[in-house]
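Below is one structure, written out as structure tokens; the observations come after it.
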Amino acid sequence: MKLQWIPLESIEAVEQLIEKSHAQPQLIFKHSTRCSISSVAKRRLEEGWMFENESLPAYYLDLIRYRDVSGFIAEKLSVFHESPQIILVSKGECTYDESHLGIQVDELAEQFAQLAS
């Protein structure tokens with residue numbers, strides 16, 4: 001399956017994503033375009049993606065360009081800011097986050113499956 005990123009470019013879009021998470025989980029990937037580790041993490045997600053895009057929408061945040069959005073996410077979801085970082089949001093809360101080379105599709109799949117059960 002091909003990962004189809006949804007650009008995340010505003011605080012309003014984050015608020016909508018959080019609202020949508022009450023109906024289905026949402027994923028945020030915070031990416032630093034200046035960091036090679038972030039590029040590796042992004043490539044791993046894209047190559048290993050095993051989810052239907054409808055079942056797990058994946059939002060892409062360029063945190064260099066949208067620092068204010070990144071800060072809002074950290075505050076609103078009570079997560080420590082890291083980059084790269086994935087944040088799984090369900091029912092308005094962060095249920096899982098991981099950063100750097102800890103970002104693994106199989107671990108994300110386990111966390112996603114726990115939400116479904």
Side-chain angles (χ1 to χ4, degrees):
M1 280 166 247
K2 182 169 175 17
L3 173 50
Q4 295 176 348
W5 293 114
I6 302 165
L8 192 54
E9 300 173 341
S10 70
I11 289 172
E12 294 78 21
V14 174
E15 290 172 333
Q16 291 171 0
L17 173 158
I18 291 170
E19 187 60 35
K20 289 177 187 176
S21 79
H22 289 278
Q24 78 179 111
Q26 311 284 309
L27 181 73
I28 299 170
F29 175 63
K30 291 169 54 177
H31 176 59
S32 170
T33 55
R34 298 180 189 156
C35 173
S36 61
I37 293 174
S38 195
S39 294
V40 169
K42 181 177 179 279
R43 188 177 68 246
R44 281 183 175 178
L45 283 171
E46 291 170 342
E47 289 175 356
W49 194 251
M50 61 180 73
F51 308 96
E52 295 289 333
N53 289 298
E54 298 79 30
S55 66
L56 183 59
Y59 293 81
Y60 170 91
L61 173 65
D62 175 346
L63 61 89
I64 301 297
R65 209 165 158 201
Y66 300 103
R67 285 195 184 277
D68 60 328
V69 177
S70 180
F72 179 79
I73 290 168
E75 181 180 322
K76 185 76 173 177
L77 296 175
S78 301
V79 294
F80 185 74
H81 165 76
E82 296 189 77
S83 168
Q85 182 177 34
I86 57 170
I87 301 169
L88 186 60
V89 184
S90 180
K91 299 185 181 11
E93 299 179 357
C94 171
T95 59
Y96 171 74
D97 74 286
E98 187 58 74
S99 66
H100 296 84
L101 297 179
I103 296 172
Q104 304 286 332
V105 174
D106 55 347
E107 178 65 26
L108 176 60
E110 287 180 31
Q111 297 297 322
F112 181 70
Q114 288 178 10
L115 293 174
S117 59

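What you see below is based on every heavy atom in this structure, not just the backbone, and it leaves out hydrogens, waters and symmetry mates. In what follows, residues are counted from 1 in the order of the sequence shown.
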Any [X] side-chain heavy atom under 4.5 Å of [Y] side chain:
{"X": "Tyr66", "Y": "Leu61", "answer": "yes"}
{"X": "Lys76", "Y": "Val14", "answer": "no"}
{"X": "Tyr96", "Y": "Ile86", "answer": "yes"}
{"X": "Leu115", "Y": "Leu88", "answer": "yes"}
{"X": "Trp5", "Y": "His31", "answer": "no"}
{"X": "Glu82", "Y": "His100", "answer": "yes"}
{"X": "Pro84", "Y": "Lys30", "answer": "no"}
{"X": "Leu3", "Y": "Tyr60", "answer": "no"}

Can Val105 be reached from Phe29 by stepping across I, L, V, M, F, W or Y side chains whose heavy atoms are under 4.5 Å apart? yes
Is there a path of hydrophobic side-chain contacts, each under 4.5 Å between heavy atoms, that joins Val79 and Leu17? yes
Roughly how far, to the nearest 0.5 Å, is the [atom2] atom of [Y] from the [atom1] atom of [X]?
{"X": "Leu8", "Y": "Ile28", "atom1": "CG", "atom2": "CD1", "answer": "6.0 Å"}
{"X": "Leu63", "Y": "Ser32", "atom1": "CG", "atom2": "OG", "answer": "5.5 Å"}
{"X": "Ile11", "Y": "Ser70", "atom1": "CD1", "atom2": "OG", "answer": "10.5 Å"}
{"X": "His81", "Y": "Ile87", "atom1": "NE2", "atom2": "CD1", "answer": "9.5 Å"}
{"X": "Lys2", "Y": "Asn53", "atom1": "NZ", "atom2": "CG", "answer": "9.0 Å"}

For the student: nearest non-hydrogen atoms of [X] and [Y], plus distance:
{"X": "Ile103", "Y": "Ala41", "value": "CD1-CB, 3.9 Å"}
{"X": "Pro7", "Y": "Tyr59", "value": "O-CD2, 4.5 Å"}
{"X": "Gly102", "Y": "Glu98", "value": "O-CG, 3.0 Å"}
{"X": "Arg67", "Y": "Arg34", "value": "NH2-NH1, 4.5 Å"}

field: Worked check of side chain to side chain contact (heavy atoms under 4.5 Å, CB included) between Leu77 and Asp97
entry: CA-CA 10 Å; Leu77 296 175; Asp97 74 286; over 6 Å; no
message: Run Leu108 and Trp49 through side chain to side chain contact (heavy atoms under 4.5 Å, CB included) and show every step you take.
response: CA-CA 10 Å; Leu108 176 60; Trp49 194 251; 4.1 Å; yes
Any side-chain to backbone donor/acceptor pair from [X] onto [Y]? Under 3.5 Å, distance only.
{"X": "Arg65", "Y": "Thr33", "result": "no"}
{"X": "Gln24", "Y": "Pro57", "result": "no"}
{"X": "Glu47", "Y": "Leu45", "result": "no"}
{"X": "Gln26", "Y": "Ile18", "result": "no"}

Check your understanding: What do the steps show when you test Ser38 against Gln85 for side chain to side chain contact (heavy atoms under 4.5 Å, CB included), and what is the final call?
Key -> CA-CA 8 Å; Ser38 195; Gln85 182 177 34; over 6 Å; no
Exercise. Under 30°, 30 to 60°, or over 60°: which ring-plane class applies to Phe51 and Phe112, parallel, tilted or perpendicular?
Worked result: perpendicular
* Taking atom types as modelled, is there a side-chain donor on Glu107 or Gln111 under 3.5 Å from an acceptor on the other? -> yes
